[in-house]
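Following: one structure in structure tokens, then a few remarks.
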Amino acid sequence: MFDALTNKFNSVFRGLSGRGRISEKNVRESMREVRSALLEADVNYKVVKDFCDSVVEKAMGAKVIESLHPGQLMVKIVNDELTNLMGPVDSKIYFVSPGPTIVMLAGLQGSGKTTTAAKLARLLLKQGKNPLLVADDLQRPAAIEQLKTLGQQLEIPVYFEESKDAVKVARNSVNFARKNGRDVVILDTAGRLHIDTELMGELGKICTAITPHQIFLVCDSMTGQDAVNSAKEFNEQLELDGVILTKLDGDARGGAALSVKAVTGKPIKFVGMGEKLDQLEEFYPDRMASRILGMGDVVTLVEKAQEQFSEEEAQKMQQKMAKGQFTFDDFLKQMQSLKNMGGIKDMLKMIPGIGSQMGAMDVDDKEITRLEAIVHSMTKAERRDPDIIDASRRRRIARGCGMEPSDVSGLVKTFNQSRQMMKAMSGMGAMGRMKALKSMGNMDMFSGRMPGLKIKQRSKRKRVDRRKKGKKNRR
Amino acid sequence: MAFFSKTLDKLKNGLAKSRKKISDSLTTVLTLGRKIDEELLEELEEKLISDDIGVETTLQIIEDLRAAWKERKISSAEDVVPFLKQELIEYWPQCDRELNFAESGPTVVMVTGVNGSGKTTSIAKLAYLLSSQGKEVVLAACDTFRAAAVEQLSIWSQRTGVQIVKHQQNSDPAAVAFDACEAALARKADVLLVDTAGRLHTQKNLMMELSKIRNVITRKIPDAPHEVLQVLDATTGQNAINQAKMFSEAVDVTGIMLAKLDGTAKGGIVVAIRNQINIPVKFVGLGEKPEDIEPFDPETFVEALFS
């Protein structure tokens, strides 16, 4: 999983091992890559410093210097340390009896409190609780309206008052919950700056008035170096119980997670993965660790893929692949899902070993559109059985999509190749598949344009061979 | 730019205590009379990184400083800030910081950004600023997705006394933009401010929706939009570069509105954005009230980086 980093460590150590002298200084030097990876991921520079120091210390203890594979050992130490720092996982919400359990959300403006409040309420409803949402954001225009709308969507009651006094609203809402048998109160507060003494004081007053059982800081995963300042201040004022990291469905590396954990010591409870109200998930330190290091995230990739294909559909597709019956219609379907998954570039980034090499590569999503255009220009029969595409059909298809006949034959060729590969791959286990995928990356499959469009027309003779082969396969 | 400084003073006074507590350790880098040496440069590097300027751009700045120091152009800590000011001002010529107005007819300003960056509040501020300059402003409530976003903008339109064009929630934002353009033309408005729904730049379909809104505007009013502002939360880290790239690809961003600069974050990422993608900052947001908006001033910005 950590190939790229291993390689970097290895190259540092390889240069040295010949001379037979690896010192603490060399180990430190090898950490430079890690340092800039972490800084680029927005981990606070002080946290980075401490982290690197502790890794070097561990590395000395683990005798990386004497190890046969110093690179691999270093990566393991870095990854373990990172995972440890962000763990342990604790995504429980602790309930009190008798209720109601009061959960308060706080954070900066625009971090996503209101949406998170609704998501949390939905999660609790699923767990069989009777949550009450409280619109205690009296600052932002229409904040109450927003929570009311979300509450309606979820069919969860929302408590609100026309008032300027957030403390009073909080107090009344708890009484309302008691009277109406709601066992969890979720308090949405106004976004505020951590240095705004007046508004921070108001949060303090709310706490004294209703003593929330759980206080969560809602933190935008795109936050930069300043994450430590705000998290520290909120933690000092409120004694947080946990953190909820939002907007993690973007491409931010999310170093703020590490920063916030390091300064508050409070667990990251949940992560927000989208604007839909069911997109609140548990936090996985190991996934976050590889994301921060820019090492790709296969698990998320697989999950994203699962979102796009239903189980049944996936199985059907797999069978088709195994039998070599994959058609251009399936190809179109897959291209569509690829697009929905956030474009081919983002997908490739999540594959370990490829992500780190992406810098030099330029995969254009528009290329997919071109490929789709070619397929759209084919007749149904041609899509089902690409082998019937001869020179005349090719010319027609090319005219239909505004491209050259060579583009068409290029696509058909690539298509046939990948059909072969799928067939071969479906015989392998997961590991084999992974390897094949990677060797595909090495084979320059993804460099520049899509490969098919570059390849020149094949000779007639070969085509005849292929056609025979294709027929055999279908039998 | 005196107004900006005044606001900064106001902010400094109001929030002095807590701000001091947080940044105390940092101000010591550039103490009076300290000679420039490698150690100072290293500390400066950390300081710049802690301002979210990013590793790459920080290293470039440090290289420039080192070169100037080697050439004996600068020698002590006091020279650092003026030197960087000079560099940044060269980066940000005056013309880059002004709104580009249409020669005739309504000037259309499209406002975009990721979720929670502060688009709607920023629009309220722009509406306040422009109408206080005597311009007739119309708002277009094209955030039809987020719950109560239309209500939020409506409240701002009442408070700032400008007109608004809106549809129901979940209606087509491009249709709202179309109607708003017609309204702006019919009412002979000077400025049309188009609010859009927050979206992560990685959402292909939503970015395409944004391009569509832009196209609809251009079809209705040629040359429009005259400005496409991306609202950027000053607390955002390195991801802002990706954001700026993707939004530029989709709608050709012409400037950044740096919101929430009244916190402890310095918004240093805009230096990296200017450096790498060449998008200037036009305005800064300094609070939640409509009047808390200022034109961007590079000198004050550099000073704030080291305050």
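Only heavy atoms go into these numbers, but all of them, side chains included; no hydrogens, no water, no symmetry mates. Reminder, nothing fancy here: chain letters follow the sequence lines and each chain counts from 1.
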Report task. Examine whether an atom of B/Q158 lies under 4.5 Å from a heavy atom of chain A, and if so say whether it belongs to the side chain, the backbone or both; otherwise answer neither. Result -> neither
Requested in this report: Using modelled atom types only, decide if a donor and an acceptor are shared between the side chain of A/T115 and the backbone of A/G112 within a distance under 3.5 Å.
Outcome: no
Query raised in the report: Hey, does the side chain of B/R199 reach the backbone of B/V114 with a donor-acceptor pair shorter than 3.5 angstrom?
Result: no
Query raised in the report: Can any side-chain N or O of B/K47 pair as donor or acceptor with the backbone N or O of B/L305 at less than 3.5 Å?
Result: yes
**Report entry** Backbone of A/G272 reached by a side-chain donor or acceptor of A/K119 within 3.5 Å
**Finding:** no
**Report entry** Part of B/I49 lying under 4.5 Å from any heavy atom of chain A
**Finding:** both
Requested in this report: Name the region of A/Q139, side chain, backbone, both or neither, that has any atom closer than 4.5 Å to a heavy atom of chain B.
Outcome: side chain
**Report entry** Contacting region of A/K232 [heavy-atom separation from chain B under 4.5 Å]
**Finding:** neither
Query - Heavy-atom neighbours of B/E38 CD exceed 12 at 6.0 Å - result: yes
**Report entry** Top of B/E151, B/Q243, B/Q169 for chain A proximity - count of heavy-atom pairs under 4.5 angstrom
**Finding:** B/E151
Report summary line: Honestly, the part of B/L206 sitting under 4.5 Å from a heavy atom of chain A is side chain
Query raised in the report: Has the side chain of B/T121 got a donor or acceptor atom that lies under 3.5 Å from a matching backbone atom of B/G118?
Result: no
Query raised in the report: Measuring heavy-atom distances to chain A, does B/E46 have an atom under 4.5 Å in its side chain, in its backbone, in both, or in neither?
Result: both
**Report entry** Option that, when pairs with chain B are counted at under 4.5 Å, heavy atom only, ranks first among A/Q152, A/Q225, A/E275
**Finding:** A/Q225
